[in-house]
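Notes follow once the structure below has been shown.
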There are 2 protein chains.
Amino acid sequence: MTKWSKAELPSRNELRSAKRSALIREAAMAFRSKGFYATSMEDIATALGVTKGALYRYVENKQEILFECFKASNQLGEAALELARWTPGSGLEKLRTFIKYFVEKYIEENTAGGAMVDIGALFPEQRAEIIAGRDRVDAALRTIVQEGLQDGSIVERDPKLTVFTIMGSINWIPSWYSSGGEHGPREIAEIIADIFTRGLQADGQAAARADHPAPARKRKAAPVT
Amino acid sequence: MTKWSKAELPSRNELRSAKRSALIREAAMAFRSKGFYATSMEDIATALGVTKGALYRYVENKQEILFECFKASNQLGEAALELARWTPGSGLEKLRTFIKYFVEKYIEENTAGGAMVDIGALFPEQRAEIIAGRDRVDAALRTIVQEGLQDGSIVERDPKLTVFTIMGSINWIPSWYSSGGEHGPREIAEIIADIFTRGLQADGQAAARADHPAPARKRKAAPVT
DNA sequence: CCTACCGATCGGTAGG
DNA sequence: CCTACCGATCGGTAGG
């Protein structure tokens, strides 16, 4: 217990932030399954093996926890967007990349999301920030859909509604996904991406026409790890 | 004010039930936008221009209102299913009918749905009944997808995940739909149905190829009850 | 990190 | 249908 260099030991701050992360993860899982209001601070504390008051060493209030959940969700969206933008190919292919990545990570890290419906529970400034972030992601996604419309890979003419439809499917996942199910995050991501890729795809594309070098042709099941 | 025959006047019971319906509609709208827990009985009462205590003439408790919302949602599902089953054509065509009808009505009558997430707020027996009903609808929808797989109209191989994906998009609608928007219920229903119809469709079908006499158009009569 | 407590909200009821 | 009130829950804090 002696002689360890400081660098090897978690500093006080690291410990604190590790505990804080655990608190948020635990809360996020509860929010996902029961919603924000139905989850009491006592519930979260019990799940962590401490008493309620102890939680206030790590967060100022309950809303702050929810805020972190929504931030994680938006950050995931940004990351997925970044990846999508770097994906070579048509708008449809970029969109497909977004969906695959977002869904997989969304399921894996149960921090993100939570009861998206209870966004009204945030303080006004928090809510404004979250909504602004989410709107940025939505807008960027719409732009990608537009791109697909222009390069001929996408037929669906309403980018706004299209994006809502996709995000709805994703947001609904926590309400049916169970880690013991027959599909893992990766497979689920694949299937959902398949559905929407085909769903937005220009009709002619599937039946490879000569004048269009089939830019968005569906990629079947890459080898899963 | 005299001489009206009894038949022309709403009976005491009719009045009561009309008021009860109004109560539930008002509550459902609030549940949709704010969720069950964030909506107080006081909120509902104020929206109706009465005081909280008055509501208890029409419902026994708050859960009963939520219960009615979920029942309406299930009933809408059953109705859409009935219609889908009577739709001639492939499994895909039946599924499309379901989506179109369900989405349109779901948006129009704001009774249905509500914060589907807060299903945990119901009493155990209520919850059991709602989940059983929802599962019946889900199962029937999966059967339709299976049908589509067999008649060749659908390619997507996982009926369970397919149905979840569709229902997710639909359940998410209340969180973005505003009655002032550019699309009406009917158009939205059409677009969403389009996306999923294409999304599940066998590749060859859309591009009407001469050598393929549209394999899925073969009519399997047999209207299921 | 715990015990003990407060203040506020809210579902529900009594009594009229 | 209203006024006035109760009982319980729960977020948050004081003090150690």
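Letters A, B, ... are given to chains in the order of the sequence lines, protein chains preceding strands, and every chain is numbered from 1.
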Q: Treat a base pair as Watson-Crick or G-U wobble with both distances under 3.5 Å, then lay out DNA chain C in dot-bracket form, 5' to 3', with | for cross-strand pairs.
A: ||||||||||||||||
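In this entry the distance linking CG of A:Leu55 with P of C:dC2 reads 9 Å, nearest Å. When rounded to the nearest whole Å, the span between CD of A:Glu64 and C1' of D:dG11 equals 14 Å. Distance B:Ile44 CD1 to C:dG11 C1': 11 Å, rounded to the nearest Å.
In this structure, A:Glu68 pairs ionically with A:Arg20, as a charged nitrogen and a carboxylate oxygen lie closer than 4.0 Å. In this structure, A:Lys34 does not pair ionically with B:Asp118, as no charged nitrogen and carboxylate oxygen lie closer than 4.0 Å.
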Q: Assess whether salt bridge (Lys or Arg N to Asp or Glu O under 4.0 Å) is satisfied between A:Glu78 and A:Arg136, documenting all intermediate values.
A: CA-CA 9 Å; A:Glu78 307 262 17; A:Arg136 273 200 308 277; 3.7 Å; yes
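Remark: A:Ser21 pairs with no residue by the side-chain hydrogen bond (donor to acceptor under 3.5 Å, both in side chains) rule, at least two apart or across chains.
Counting only heavy atoms from C-beta outward, the side chains of A:Gln63 and A:Arg127 never approach each other to under 4.5 Å.
The A:Arg57 side chain lies nearest to C:dC1 when the options are C:dG11, D:dC1, C:dC1. The side chain of B:Ala54 lies closest to D:dC1, out of C:dC1, C:dG11, D:dC1.
Among the atoms of the strands shown, none is found under 4.0 Å from any heavy atom of B:Tyr37. Looking at heavy-atom distances under 4.0 Å, B:Thr51 makes contact with a base.
Remark: B:Lys160 NZ is loosely packed, at most 12 non-hydrogen atoms of other residues, nucleotides or ligands lying under 6.0 Å away.
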Polar pairs (N or O, both sides) under 3.5 Å between protein and nucleotides 12-16 of chain D?
{"unit_1": "D:dG12", "atom_1": "OP2", "unit_2": "A:Tyr56", "atom_2": "OH", "d": "2.9"}
{"unit_1": "D:dG12", "atom_1": "OP2", "unit_2": "A:Lys62", "atom_2": "N", "d": "2.8"}
{"unit_1": "D:dG12", "atom_1": "N7", "unit_2": "A:Lys52", "atom_2": "NZ", "d": "3.3"}
{"unit_1": "D:dG12", "atom_1": "O6", "unit_2": "A:Lys52", "atom_2": "NZ", "d": "2.8"}

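Note that OG1 of B:Thr97 is 6.0 Å distant from CG of B:Leu83, once rounded to the nearest 0.5 Å. Here CD of A:Glu182 is found 8.5 Å from CD of A:Glu187. Values are rounded to the nearest 0.5 Å.
Remark on DNA chain D: of its neighbouring residues B:Val50 and A:Ser40, the 5'-side contact belongs to B:Val50, judged by nearest-heavy-atom nucleotide.
For the 3.5 Å distance criterion, the side chains of B:Thr165 and A:Ser169 fail to qualify, holding no donor opposite an acceptor.
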